[in-house]
Amino acid sequence: MRRNGRGRRTRLLAPFFERDALVVAREMLGKRLVRRTGDGERTGRIVEVEAYVGEDDGACHARWGRTPRGSILFGPPGRAYVFLIYGMYHCLNFVVEREGFPAAILVRAVEPLSGIEAPTNGPGKVCLAFAIDRSLNGEDTTRSKTLWLEEGEHEEKIATSPRVGVAYAGRVWAAKPWRFFLAGNAFVSKARGVTRGT
DNA sequence: TCATTGATGGTCT
DNA sequence: GACCATCAATGAG
């Protein structure tokens, strides 16, 4: 477990998130996702993410501008963006880049470390296993007592592929290699056709 | 192994 | 009214 000089685990703060989305996406791999509830603490290593970048990105929820749902994306970095998808699952993102520029990193898969009993190899399953729903939308993870990221490492190589489930975004945006995952990690999602990367 | 489908409700034009 | 950053179950080959 990575700890700072006083033996505490090190939380990721605004400067980490307030950078180029693709850089943050890569660096989020291996970091520790922490969720604290009345049931105790659940933690896991992030092994797969996707980047959604700007109003021009045909797959980003900011593509219509500042709609009620997407307004969180325009806010300060480090906040959680949680939305309901297909009427029954939630997706967890971390808002990145400077305030005013809409971008977020989707957490697609996690390797369980503690307190986890359900599978976490997919964005909907991560939210189920970590008890994450829309009540956490807008949560400031740089200060939150219930949801945040901590420092962490990985030795695996980083692989990339197009993002999953965004064919509607058009040829250009759907083809962007903005899915990042740890090559060979058993907890990466089993999305068809895009599980192999470089 | 691969492709297809149903569940289910919020959010968009 | 159509669509969707998902998932598990189903059935064909």
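Throughout, protein chains are lettered first and strands after them, A, B, ... in sequence-line order, and every chain is numbered starting at 1. FYI, side chains are in, hydrogens and waters are out, and symmetry mates aren't considered; it's all heavy atoms of this structure.
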Subject >> Heavy atoms from other residues, nucleotides or ligands near CZ of A:Arg143 exceed 12 (cutoff 6.0 Å) >> reply: no

**OP:** Find the distance A:Arg66:CZ to B:dC12:P and express it as a whole number of Å.
**Re:** 14 Å

Original post:
For B:dT8, what is the paired nucleotide under Watson-Crick or G-U wobble rules, both distances under 3.5 Å?
Top reply: none

Original post:
Is any side-chain N or O of A:Thr67 closer than 4.0 Å to OP1 or OP2 of B:dT11?
Top reply: no

Subject >> Any strand: nucleotide that pairs with C:dA5 via Watson-Crick or wobble, under 3.5 Å >> reply: none

Original post:
So what does A:Leu106 touch, heavy atoms closer than 4.0 Å: a base, only the sugar-phosphate, or nothing?
Top reply: base

Original post:
Quick one: which of C:dC4, B:dA7, B:dG10 gets closest to the side chain of A:Arg134?
Top reply: B:dG10

**OP:** Would you indicate, yes or no, if C:dA8 has its OP1 or OP2 atom less than 4.0 angstrom from a side-chain nitrogen or oxygen of A:Lys125?
**Re:** yes

**OP:** Could you check whether A:Gly124 gets within reach of a base, just the sugar-phosphate, or nothing at all, counting any heavy atom under 4.0 Å?
**Re:** sugar-phosphate

**OP:** State whether A:Glu150 and A:Arg9 are salt-bridged, where the test is any N-O pair (Lys NZ or Arg NE/NH1/NH2 against Asp/Glu carboxylate O) under 4.0 Å.
**Re:** yes

**OP:** Nearest whole angstrom, please: distance from the C1' of B:dG9 to the NE2 of A:His90.
**Re:** 11 Å

Original post:
Where the side chain of A:Trp64 is defined as all heavy atoms beyond and including C-beta, which of C:dC7, C:dA5, B:dT13 is the nearest nucleotide?
Top reply: B:dT13

Subject >> d(CD, A:Glu50; C1', C:dC4) in whole Å >> reply: 14 Å

Subject >> Whole-Å distance separating the CD1 atom of A:Ile132 from the P atom of C:dA5 >> reply: 19 Å

Original post:
If you measure from the Lys or Arg side-chain nitrogens to the Asp or Glu carboxylate oxygens, is any gap between A:Arg36 and A:Glu41 under 4.0 Å?
Top reply: yes

**OP:** Measure the distance from OH on A:Tyr168 to P on B:dC12 and round it to the nearest whole Å.
**Re:** 13 Å

**OP:** Please work out which of the three classes, parallel, tilted or perpendicular, describes the rings of A:Phe83 and A:His61, given edges at 30° and 60°.
**Re:** perpendicular

Original post:
Taking only N and O in the side chain of A:Arg69, is any of them less than 4.0 Å away from OP1 or OP2 of C:dC4?
Top reply: no

Original post:
For A:Tyr89 and C:dC7, what is the distance between atoms OH and C1' respectively, to the nearest whole Å?
Top reply: 4 Å

Original post:
A:Arg63 CZ to B:dT11 P: how many Å, rounded?
Top reply: 14 Å

**OP:** Find the distance between CD (A:Glu55) and CZ (A:Arg66) and round it off to the nearest 0.5 Å.
**Re:** 8.0 Å

Original post:
So does A:His61 get a side-chain nitrogen or oxygen closer than 4.0 Å to the phosphate oxygens (OP1/OP2) of B:dT11?
Top reply: no

Subject >> Nucleotide B:dT1, atom P - distance to NZ of A:Lys190 in whole Å >> reply: 12 Å

Original post:
So does A:Tyr86 get a side-chain nitrogen or oxygen closer than 4.0 Å to the phosphate oxygens (OP1/OP2) of C:dA5?
Top reply: no

